[in-house]
Amino acid sequence: MKCVDCLPSLEEFFDGEVDDKTAERMRDHLAACADCAEAFDALRSEQEMFLRYDRGLEVSPALWQGVRAAIAAADIEAAAPEAKPRPRSFLSSLREQLAAAVAVFAARPALASSLALLALGVTAGALWFSNPQRHTSTTPTQPQIADNNGGSARPAPTTTGETTTKETPDANPSPSEVAQVNIHGNGSSIDNGPAAHDAQSARRANPSAAESLTPNPRTNANAGRDETGGVVTFVDAGHEVAAEDPLTTVAPASLAEANLADAAAVLDPEDEAVARHVGRAQVLLRSIKNTRVAEGEGDLAYEREMARKLLAENASLQIDADADNNKTAQRVLKELEPYLNDIANLRDKPARGELRSIRERMERQEIIAALHVYDD
Amino acid sequence: MERLAGDMVNLDAAQSGAHTGALMNSPEELVARARGGDEEAFRLIFDRYSRPVLGFVYDMVGERSLAEDLTQETFVRAYKGLAGFRDEAKLSTWLFAIAKNVARESLRTRPREERKVEIDDPSVVELKDGRRSPAGALLDKELNEVVRKALERLDEDKRAVFTLKVFQQRSYEEIVEITGFSLGKVKTDLHRARAEMRRRIGPYLGGEQ
């Protein structure tokens, strides 16, 4: 090597960024060339000087407190109820609310039917209210809804299409009144009225209800919020869903006196991290149980990725369980680990035999049911 | 819990694709736990990386209180973005990338000063009181001031590359990931930044003039 070849690469060599062969040649040249060796020493002195640079900065405790406060504020802001819609014309508001309801509950035929009946009921009610000669009466047993404008509770329209009543002289039900009607089935509503918001708050407070690791486009459940404020879908294991949803179409197996079930049943309900981990694992195992990849449909890249993430999380939780001497959590996590490991090591399109052995073990240990016990 | 040594080069050394019980508080584990809402895990991430991030941001913006605010913003964004963090990426690289963007946004909102790179300008950085140490060699205190002012005079791109390489000891590949620059630009900017810093600080180095 000559100086004309060495000098242009000297900085890269100093930074350790040249390949081994070039590095060896340069070392040989530097050993023999005083000029290039001097240039290299100058680089080294320069670096040593810069490493003496002291900005005089220290990370004060206040910095962490500031981060913590900002995160808490961001979480509170993300959890705040949505702003109430501004008054708009009845028809445009009704149109928007119905469109939102259809989008949210599109996978629930039973709810869709309920929604249609409700819409008929509301329309009938609106027409009836618009009649100045209407006859009013009350049905004490009807569910009450709050008046958005701070008025007293009024009977809410039901999903059965019964004649609804009102105590106020308004000619038409307000958009907010329509918006606050609860949809039967899961407590969610078209609009974030108080009751629906409570349901969503309860769901967020109980993340063990099978919170997805990532937004899963294959589920069509209630929308929730992840820790970044984005929308994730939650899998409601007990709720009726469309047949094509592979994650929730199979009812849980019958409970057995398996070791895992025993362990899962006595886990501390406040062990939220483990509960969330188990919930996610349950979703994954169901997906593996129901996959048709061996029949040539799709692949398991998503499941494998999920298994790898859960495997890392499982290891971390096991460390914590060991440190806390939480034997129950240790057992559950240890039972899960081999499944996660096997799934993480599957090929994108595994052979029937590979999947069969995992499925058979799952059936034998009834692990999905056992996790479901803990998940409740 | 045991903390790793403060050398930035080794902070991510434990990160690997495999999980083992021996990897206490590896970046992967901390991220996994922090994602699950474990505040303590995120606190550990903060403890481990806040100092180098603060140093980098300070090098970029040159003001202490602003650097602290921007460092806080960096970690808040990191917390919010944990869900999107790719496990195969290095945590420190990801944090520095956020810090770089935060600093860049701040610099864009500040009035742009004239930073002419006068290669042959003999008016190098002056010390505050206009003196040099009697022996002609820089004491640490003087050095800090000289380096800081010399850094300020680099343009933003060169400053980022220089500080990431020389002060934070990142590899070229990591600098590419953090800055989004091409490898060629990283090498070129680093070479030119070194040359400029050398010209500005060189007269203050060594023995008697």
Side-chain angles (χ1 to χ4, degrees), chain A residues 8 11-12 15-17 42-43 45-47 49-60 62-71 73-75 78 207 213-215 226-230 232 272-274 276-277 305 308-320 322-323 337 341, chain B residues 17 19-21 23-26 28-33 35-39 41-43 46-47 50-51 54-55 58-59 64 67-69 71-76 79-84 87 138 140-141 143-144 147-148 165-167 171-173 187 190-191 194 197-198 201-202 205-206:
Chain A
E11 286 184 5
E12 282 186 55
D15 292 337
E17 298 280 353
L43 276 176
S45 299
E46 202 173 273
Q47 180 67 40
M49 180 205 62
F50 284 128
L51 289 179
R52 285 164 50 201
Y53 174 47
D54 183 1
R55 302 167 189 86
L57 293 175
E58 290 297 330
V59 178
S60 68
L63 190 55
W64 166 248
Q65 294 305 324
V67 170
R68 200 159 173 254
I71 288 170
D75 284 346
L213 205 65
T214 59
D226 68 3
E227 49 273 23
T228 68
V232 297
E272 289 187 11
V274 178
R276 278 197 296 271
H277 176 76
E305 186 63 26
R308 286 175 181 166
K309 291 179 181 178
L310 286 172
L311 208 48
E313 188 177 75
N314 187 286
S316 172
L317 289 171
Q318 282 197 46
I319 293 170
D320 292 340
D322 290 342
E337 187 181 349
N341 198 43
Chain B
H19 68 287
T20 69
L23 292 178
M24 283 288 284
N25 297 328
S26 69
E28 257 184 350
E29 292 173 359
L30 290 178
V31 169
R33 286 169 53 193
R35 268 200 195 118
D38 186 343
E39 183 184 305
F42 191 73
R43 174 64 192 264
F46 176 85
D47 286 345
S50 57
R51 189 182 167 86
L54 178 62
Y58 176 75
D59 289 342
R64 182 188 304 265
E68 288 175 345
D69 290 344
T71 300
Q72 177 178 307
E73 174 66 19
T74 297
F75 280 93
V76 173
Y79 177 81
K80 290 179 180 177
L82 276 175
D87 289 337
L138 275 177
D140 282 352
K141 190 176 177 183
L143 170 68
N144 296 337
V147 169
R148 190 182 70 78
K165 181 63 212 166
V166 173
F167 296 130
S171 68
Y172 288 3
E173 185 182 338
K187 290 181 181 178
L190 181 59
H191 175 72
R194 275 174 161 144
M197 293 294 284
R198 199 174 293 134
I201 298 176
L205 298 178

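Computed from a prediction, not measured in an experiment: that's the story for all the values here. Reminder, nothing fancy here: chain letters follow the sequence lines and each chain counts from 1.
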Might you work through the salt bridge (charged side-chain N to carboxylate O under 4.0 Å, His left out) test for B/R51 and A/E58, ending with a clear yes or no? CA-CA 7 Å; B/R51 189 182 167 86; A/E58 290 297 330; 3.2 Å; yes
Just so I understand: if I count every heavy-atom pair under 4.5 Å between each of B/K187, B/K165, B/E173 and chain A, which residue has the most? B/K165
Report which part of A/E11 has an atom under 4.5 Å of a heavy atom belonging to chain B: side chain, backbone, both, or neither. both
For the residue pair B/F167 and A/Y53, categorise the inter-ring angle as parallel (less than 30°), tilted (30 to 60°) or perpendicular (more than 60°). tilted
Chain B contact via A/L51 - which portion, at a heavy-atom distance below 4.5 Å: side chain
Just wondering, do A/I71 and B/E39 contact through their side chains at under 4.5 Å, heavy atoms? no
For residues A/D322 and A/Q318, is any side-chain donor paired with an opposing acceptor at under 3.5 Å? no
Check each atom of A/R308 against the heavy atoms of chain B and say whether the ones under 4.5 Å are side chain, backbone, both or neither. neither
So, the part of A/L317 with a heavy atom under 4.5 Å from chain B: the answer is neither
Taking the six-membered ring for Trp, are A/W64 and B/F46 parallel (under 30°), tilted (30 to 60°) or perpendicular (over 60°)? tilted
